[in-house]
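Letters A, B, ... mirror the listed sequences (proteins, then strands); counts begin at 1.
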Number of protein chains: 2
Amino acid sequence: MSAEQSNFYSTQDKILIATDCIIFGFDNQSIKLLIFKRIVDPFAGEWSLIGSFVQNNESVTNAAKRVLTEITGLENVFMQQSQVYGAVERDPGARCITVGQYALIRIEDQDIELVEKHGAVWHDLDEMPNLVLDHNQLVEDALSQLRLKASYQPIGFELLPEKFTIPSLQRLYESIYQKKFDDRNFRKKIIALDVLTKLDEKDKSTSKKGAFLYKFNRRKYDRLVEKGINFKL
Amino acid sequence: MSAEQSNFYSTQDKILIATDCIIFGFDNQSIKLLIFKRIVDPFAGEWSLIGSFVQNNESVTNAAKRVLTEITGLENVFMQQSQVYGAVERDPGARCITVGQYALIRIEDQDIELVEKHGAVWHDLDEMPNLVLDHNQLVEDALSQLRLKASYQPIGFELLPEKFTIPSLQRLYESIYQKKFDDRNFRKKIIALDVLTKLDEKDKSTSKKGAFLYKFNRRKYDRLVEKGINFKL
DNA sequence: TTTTATAAATGTATTAAATACATTTAATAT
DNA sequence: ATATTAAATGTATTTAATACATTTATAAAA
């Protein structure tokens, strides 16, 4: 639409436009979600996603990035639009539509003081509390989209540190899909993607034997993302 | 977000919120897109998607359905959110964000008088003219999403009449993906999905021999959609 | 009535990918 | 030296994807 053209231009009341961030994080064990307890009424004390109204001088995308940086200190984070929530009565306070946008971050990268200052906490996905408004729905939708995306792009990689082990990559995928995979087949399939470089180092934090560390071959990885893979698990 | 809670509540100017429909139609030969020539300035005479501002008393979803019904006379059409376009300067006339929503319709079902009254025309996808604003981008994005969706849901079926032949189903998929498929393998794969019922009738409009008509087994079809398939072509 | 023309329909062999499954290895701690 | 434990490895089987050529049903033309 071009604003001047609509028959409805003059009759549209102010509709507020917000964005809410579904922030997924991985700590090498499981996927978690960053939420916080609202401080002010209404809904004070209730769990909520972290969001903001879109400002006059920023895009919808940038609004979400701004919020994410405010809370976690991180920039250049992978973010993806999930969908728009535009029901008339979704917010009892005002007519307000929101754009769900999910982010994938490595929890270890966060600015922990900033996160704590905002009263934000990492919550396990399988025991999410009730969130305000339709926020549980936003989480559910973002998670389905994440799963879908993980099936045709090696997207989970955004959540891993620079160096990582194959068992931790497997835990990541198991956490996204909430199910177990056969370790032999998982390893075979990941290696067949041909985007990993094996290092000479081991991570001995989870076993005596230690697991070899790997990193991504960025060139191969980007080429793979571009052409689109079928990474069904 | 809950409106009352934002720090920014008082500082948010009016941002207009619109929706634009990417209306895909199939005429048993190829996929086409419904666009129209704007009548008023700015951009008078230029090709545009069909859209509207979201009204106070309607959801974003319903705004798109309203527009679609206004133009084509159709109700209960398959519609799907594509994405939000929220760049600050995307519309020179006003700060306006839009939600792209694509629809799949059978061209034969349209109310042709209504369509003509609005000056809307069906355009081939492979020779799209320049559209106003970022509308070419909306079309491109919706088309990628349609292709993606078609790969894990038998979504193309929304575009076919109640009774259809396997060759016309194949033309549909070839039109969506803009490439040819082997007719033996295509047929094998479609039949393996086990959602089609073969009828005793033939459609002889495209050959002397005639092609058998099929229809969907709605129960099996819904079950398949629900569990999600892998329909790679 | 025979012939011609044409899209529709069918089958098989080959290759590639997914799955199922059990043992050995490397290192630390006892 | 032994016990312990996660990491690493290989193979056989099943399933799905691909490549490819001929026959069939019918209407129209001769």
Does [N] have OP1 or OP2 sitting under 4.0 Å from an N or O in the side chain of [X]?
{"X": "A/S207", "N": "C/dA26", "value": "no"}
{"X": "A/K189", "N": "C/dA18", "value": "yes"}
{"X": "B/K208", "N": "C/dA8", "value": "no"}
{"X": "A/T165", "N": "D/dA7", "value": "no"}

Has the side chain of A/K209 got a donor or acceptor atom sitting under 3.5 Å from an opposite partner on the base of D/dA7?
->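 Yes, the side chain and the base share a sub-3.5 Å donor-acceptor pair.
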Donor-acceptor pair under 3.5 Å, A/N185 side chain vs C/dA20 base = yes
[X] has an atom [atom1]; how far is it from atom [atom2] of [N], in whole Å?
{"X": "A/D183", "N": "C/dA20", "atom1": "CG", "atom2": "C1'", "answer": "12 Å"}
{"X": "B/K179", "N": "D/dT18", "atom1": "NZ", "atom2": "C1'", "answer": "12 Å"}
{"X": "A/L169", "N": "D/dA7", "atom1": "CG", "atom2": "C1'", "answer": "15 Å"}
{"X": "A/D182", "N": "D/dG10", "atom1": "CG", "atom2": "P", "answer": "15 Å"}
{"X": "A/R187", "N": "C/dT24", "atom1": "CZ", "atom2": "C1'", "answer": "14 Å"}
{"X": "B/F212", "N": "C/dA9", "atom1": "CZ", "atom2": "C1'", "answer": "9 Å"}
{"X": "B/K204", "N": "D/dT24", "atom1": "NZ", "atom2": "C1'", "answer": "13 Å"}
{"X": "A/F186", "N": "D/dA8", "atom1": "CZ", "atom2": "P", "answer": "12 Å"}

Where the side chain of [X] meets the backbone of [Y], is there a donor-acceptor pair that is under 3.5 Å apart?
{"X": "B/K202", "Y": "B/K209", "answer": "yes"}
{"X": "B/T69", "Y": "B/L74", "answer": "yes"}
{"X": "B/D182", "Y": "B/N185", "answer": "yes"}
{"X": "B/D124", "Y": "B/D126", "answer": "no"}

DNA chain D: 5'-proximal contact among B/R184 and B/K232 (nearest heavy atom) |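 Going by which nucleotide is closer to the 5' end, it is B/K232.
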Have a look at B/K188 and say if it touches a base, only the backbone sugar-phosphate, or nothing, with a 4.0 Å heavy-atom cut-off.
->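 The answer is base, as B/K188 lies within the cut-off (heavy atoms under 4.0 Å) of a base atom.
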Looking at A/V132 and A/E46, what are the two nearest heavy atoms and their distance?
->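 Smallest heavy-atom distance, with atoms named: CG1-CB, 3.6 Å.
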Would you kindly compare A/L233 and A/G210 by the position of their nearest DNA chain C nucleotide and give the one closer to the 5′ end?
-> A/L233
